[in-house]
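In the text below, chain A, chain B and the rest are named by the order of the sequence lines, each starting its count at 1. As the structure is a computational prediction, the values presented were derived from the model and not from experiment.
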Amino acid sequence: MNWILVCPYRRLQPERGVAALVEDEPVAVFRLHDGTLRAIGNVDPFTGASVLSRGIVGTRGDAPTVASPLHKQVYDLGTGVCLDAPEVRVPTYPVRVRNGLVEVGWAPC
Amino acid sequence: MRLVVVGNGMVGHRLVSALRDRDPGGTWEITVLAEETRPAYDRVRLSAWFDGEPLDLPAVPGVEVHLGEPATALDPAGRKVFTRDGAYGYDELVLATGSYPFVPPVPGTDLPGCFVYRTVDDLEALRAYAEGRSTGVVVGGGLLGLEAANALRTLGLATHVVEFAPRLMPMQVDEAGGAMLRRHIEDLGLTVHTGRSAARITEGQVVFADGGIVRTDLVVFAAGVRPRDDLARAAGLAIGARGGIVVDETCRTSAAHVHAIGECAELGGRVYGLVAPGYAMAEVVADRLLGGTATFPGADTSTKLKLLGVDVASFGETTGPLDVTFTDPATRVYAKLVLSDDAKTLLGGVLVGDASAYPTLRACLGGPLPAPPLSLLAPAGADARRPLPGAAQVCSCNAVTKDTILAAIGSGAADVAAVKTCTRAGTTCGSCVPLLKGLLAEAGVAQSRALCEHFDHSRQELFDIIRVRGIRTFSELVARHGRGRGCDICKPVVASILASLGTGYILDGEQAALQDTNDHFLANIQRDGTYSVVPRIPGGEITPDKLIVIGEVARDFGLYTKITGGQRIDLFGARVEQLPKIWRRLVDAGFESGHAYGKALRTVKSCVGSTWCRYGVQDSVGLAIELELRYRGLRAPHKVKAAVSGCARECAEARGKDFGVIATEHGWNLYVGGNGGFRPRHADLFLSDVPTDVLVRTIDRFLMYYIRTADRLQRTAAWLECLDGGLDHLRHVIVDDALGLCAELDAAMAAHVESYVDEWRSTVDDADRLERFVSFVNAPDAPDPSISFGVERGQRVPVAR
Ligand code: SRM
Ligand SMILES: Cc1cc2nc3c(=O)[nH]c(=O)nc-3n(C[C@H](O)[C@H](O)[C@H](O)COP(=O)(O)OP(=O)(O)OC[C@H]3O[C@@H](n4cnc5c(N)ncnc54)[C@H](O)[C@@H]3O)c2cc1C
Ligand code: SF4
Ligand code: FES
């Protein structure tokens, strides 16, 4: 597992995402209300646009979620599953904070 | 067995559909002979044809309708009806031939420019002729005449109404009501001539019996109707003294196997000129044809005038043993209740200027009063709504009682639409729809108003909670009044409420996390993840220098450029990291955010107006700019669009807007509640001929009241349609200040105007705020590799994926 530097933790706003390039892949990193982080693929599978980091963060039941800003499908930020179309899912990535810096895990296949 | 129906009007259509409903086995084969060439339509709403509204009545399957094939003769002995092309034998025959408009027998009525007002064809001819002409006269000051006069007015003609009787609507309202009505009608700019009759029509003028003259381009006769009894008369059927085919209470005529219903029938010496008695007759005949024993129950002759802006209603008796009246010259309201001599039973009444109590009062006709008379009559008396008795007739057009409606609700009808289909209540003139809503609520089937899984409240309730409790963050709100951490439904709603309440820059602090992506980046997201940029161009007016700046910015950033439908320019294809650079240049050249991304004021469209246009009567551009600058940045439940036209030709399409202003010789007319889009609706006239300060104050209140009370994503049109009491209620609140809210609404708007700052200027001037405009946090200037462009007609466009 390689850990790729994304940005200082303080750049992240609560309940908002940012996009980062991780080995040329666009990844969306979110800071939840409790301060923990989640990372999923940034590409909206329905349109191919690289936009999921710009969606609204919230919850459905207990699951933390993001809604695509284009057509509002909602994704579980823990599993990457699209809750409005469970056959669709986006990749998820490990994410951690070290020395105040956010890093996304990348496993070369 | 074969049934032939002559006449495919409202009543004939009702007979056929009632019979088909109740005769699923198809005992009757039905043939309808129709003179008109269009399928049956709703004549009561005829005037709505000018607004392009569909009038068609639902088609009845399994009926043979011969459009454009009038019956020409009738042979009751041989049981045959004849048309130009053939003969139809019958077992039973129903005549439903309606009325023809009465045209007074004076010289000149056959000249071009003379019209009647009865069919869609009449309206089509009238509209075509009125095009480019300026004056019209309506002969007849009754219900129909005033409706026709309003139509002429909306066609842009200076309109005169001539009435032989000493007051308007002599059949419905009494002397004092007529006087109040006249004042209202004159306020609308119509010229009223009562106590006068037309003696002669000549080319270009109407000459009165008293020798006076009015110059006019056209004349509409709306002086009453006469039963179409010619067919029956020629066949030797009994005809009433003043016309009408004589029928008994089962609607049988003097000839065996021949019935007559609707406006062509005379029952007990009386011909009914309204649709409700006709429908009742249709139901009787349908029942009898299937072996029933129904008889005509007698009829309600209540009416409510639909003349825009002035409410007039009359029901039951208009004078009687005991009259209670209420007159308020200031608000121009006149009301009267006719009571039995023990003052306990409601026998009838007249309402002018405010008819909000009409549905309730009409439903109480013949029964005890639900509240003391004066509390019902005084304006806002409708708020004194009391439960109606079960036998009260809620829908008089279709004779549906409260009990019938409650039964339908009990068996599952859960909204107004369902109640309409089950009971027919509310499907004709629509005036009882507010009562249907009330009954649904009374029966406890109000729909859940919960916004989403995080809040059990409606938007309006959240607005009040936030305002009254002074809540300033989503976290506080959801912790105290909701659950979870919100979603893409409730967060933007709360963001919009906070913005409407003036909480400053929308991306500061926690508010940033609430905004939809468009508001978050102050631009409109496109299919490929790029954004469009729409600078504000107030009123659509722009200098050449500013146009050049837009052109240069578009060229330098390679943006696709298009003129929008809202009189401004949209620049498409900006990547997120380009937005601040683009706006730096636009802000420096004096541009501001156009809020194309926000649920907020969009544009105030204008026509060129009196500055240049040879027809313009006011400076429409000047007012549009003033209004756009006043309301710019105002966030609302949905977007808000407006327009100002410089004269009645309406080149700015103001009646298609949330609020629209049309210049008159004397000031401005204000229209509210229009929109284009998914379900187009023309705005309703709200104020006439007012000066600019009254206009602006009223729009202020209209917008603030809308912002406080509308649902999420509810445009003003839908809001007004759902508002209990509709336009009348709105008038009470924002003109008469019946709820004492106006000072608060005024203050809220003053605070908005005071605190407005351009969002893009506050963004480009602040390094922290600019931080979010990067493509990737770890490669801020790397363009998103998934974005690529092709070229179409010389401009960049997204490559289709
Ligand atoms: C750009 C423009 C089309 C154009 O090229 O002319 C446009 C573009 C969009 N319209 Fe529109 N509308 C535009 C004029 C109109 C008009 C005409 C007008 O304003 O005179 C209408 C009908 C009038 C009306 O709204 O009453 C119109 C009715 C809609 C509707 C339907 C609203 C409704 O109540 O039914 C939507 C959908 C919505 O808002 O929910 C919509 C939504 C949209 C959105 C925001 C859809 C979206 O979410 O992506 C489009 C994005 C704009 C962008 O990216 O900049 N647009 N849209 C026009 C921008 C005008 C401006 O200067 O701001
Ligand atoms: C502008 C306007 C507004 C109105 N507003 C209201 C209102 O608010 N409330 C209300 O209660 N009423 C209102 N009315 C009156 C209402 O429309 C009539 O009461 C209702 O239409 C009567 O229905 P009907 O079927 O008897 O006659 P109609 O609807 O007139 O239908 C008769 C049909 O028979 C056809 N016909 C006639 N002779 C023949 C023949 N020989 N062969 C074949 N076909 C023939 C005619 O062409 C016509 O289509 C309004 C009327 C108008 C014009
Ligand atoms: S609406 Fe405006 S542009 Fe159109 S004719 Fe009237 S003043 Fe002229
Ligand atoms: S009273 Fe006219 S539709 Fe109900």
Close contacts, residues 578-586 of chain B versus chain A, judged by heavy atoms under 4.5 Å:
none
Just how far is it from atom OG of Ser50(A) to atom CD1 of Ile787(B), taken to the nearest 0.5 Å?
8.0 Å
Quick one: closest heavy-atom pair of Val774(B) and Arg11(A), and the distance?
CG2-NH2, 4.0 Å
Which bit of Ser475(B) comes within less than 4.5 Å of chain A, counting heavy atoms only: side chain, backbone, both or neither?
side chain
Identify the two heavy atoms, one from Thr59(A) and one from Arg485(B), that lie closest to each other, and give their separation to 0.1 Å.
OG1-N, 2.9 Å
Using heavy-atom distances under 4.5 Å, tell me whether Asp488(B) contacts chain A through its side chain, its backbone, both, or neither.
both
Any chance you could measure Arg772(B), atom CZ, to Arg16(A), atom CZ, to the nearest 0.5 Å?
8.0 Å
Looking only at Gly17(A), Pro69(A), Pro64(A), the option with the highest number of non-hydrogen pairs under 4.5 Å against chain B is Pro69(A)
Has the side chain of Lys491(B) got a donor or acceptor atom that lies under 3.5 Å from a matching backbone atom of Val57(A)?
yes
Check each atom of Leu514(B) against the heavy atoms of chain A and say whether the ones under 4.5 Å are side chain, backbone, both or neither.
backbone
Of all heavy-atom pairs between Ala779(B) and Leu21(A), which one has the smallest distance, and what is that distance?
CB-CD1, 4.3 Å
Could you pull out the closest heavy-atom pair between Ile525(B) and Arg54(A), with the gap in Å?
CD1-NH1, 4.0 Å
Taking the side chain from Arg60(A) and the backbone from Cys487(B), do they hold a donor-acceptor pair closer than 3.5 Å?
no
On a heavy-atom basis, the closest approach of Gln526(B) and Leu70(A) is O-CD2, 3.5 Å
Looking only at heavy atoms, what is the nearest atom pair of Val51(A) and Gly529(B), with distance?
CG1-CA, 3.6 Å
How far apart are the C-alpha atoms of Glu771(B) and Val18(A), what are their side-chain angles, what is the distance that settles it, and do they pass the side-chain contact (heavy atoms from CB on, under 4.5 Å) test?
CA-CA 11 Å; Glu771(B) 256 197 348; Val18(A) 295; over 6 Å; no
Side chain, backbone, both or neither of Ala19(A) within contact of chain B (heavy atoms, under 4.5 Å)
both
Please indicate whether Arg761(B) has more than 12 foreign heavy atoms, meaning atoms of other residues, nucleotides or ligands, lying under 6.0 Å from its CZ.
no
Short question: side chain of His520(B), backbone of Ile56(A) - any donor-acceptor pair under 3.5 Å?
no
Where on Glu15(A) is there a heavy atom nearer than 4.5 Å to chain B: the side chain, the backbone, both, or neither?
both
For chain A, which of His454(B), Glu510(B), Arg483(B) has the most heavy-atom pairs under 4.5 Å?
His454(B)
Residues of residues 27-41 of chain A with a heavy atom under 4.5 Å from any heavy atom of chain B, in residue-number order, are His33(A)
So which residue, Val74(A), Asp24(A), Val6(A), ends up with the most heavy-atom pairs under 4.5 Å with chain B?
Val6(A)
Report yes if some heavy atom in the side chain of Ser786(B) is under 4.5 Å from a heavy atom in the side chain of Val43(A); otherwise report no.
no
When rounded to the nearest 0.5 Å, the distance separating CZ of Phe776(B) from OG of Ser53(A) is 8.5 Å
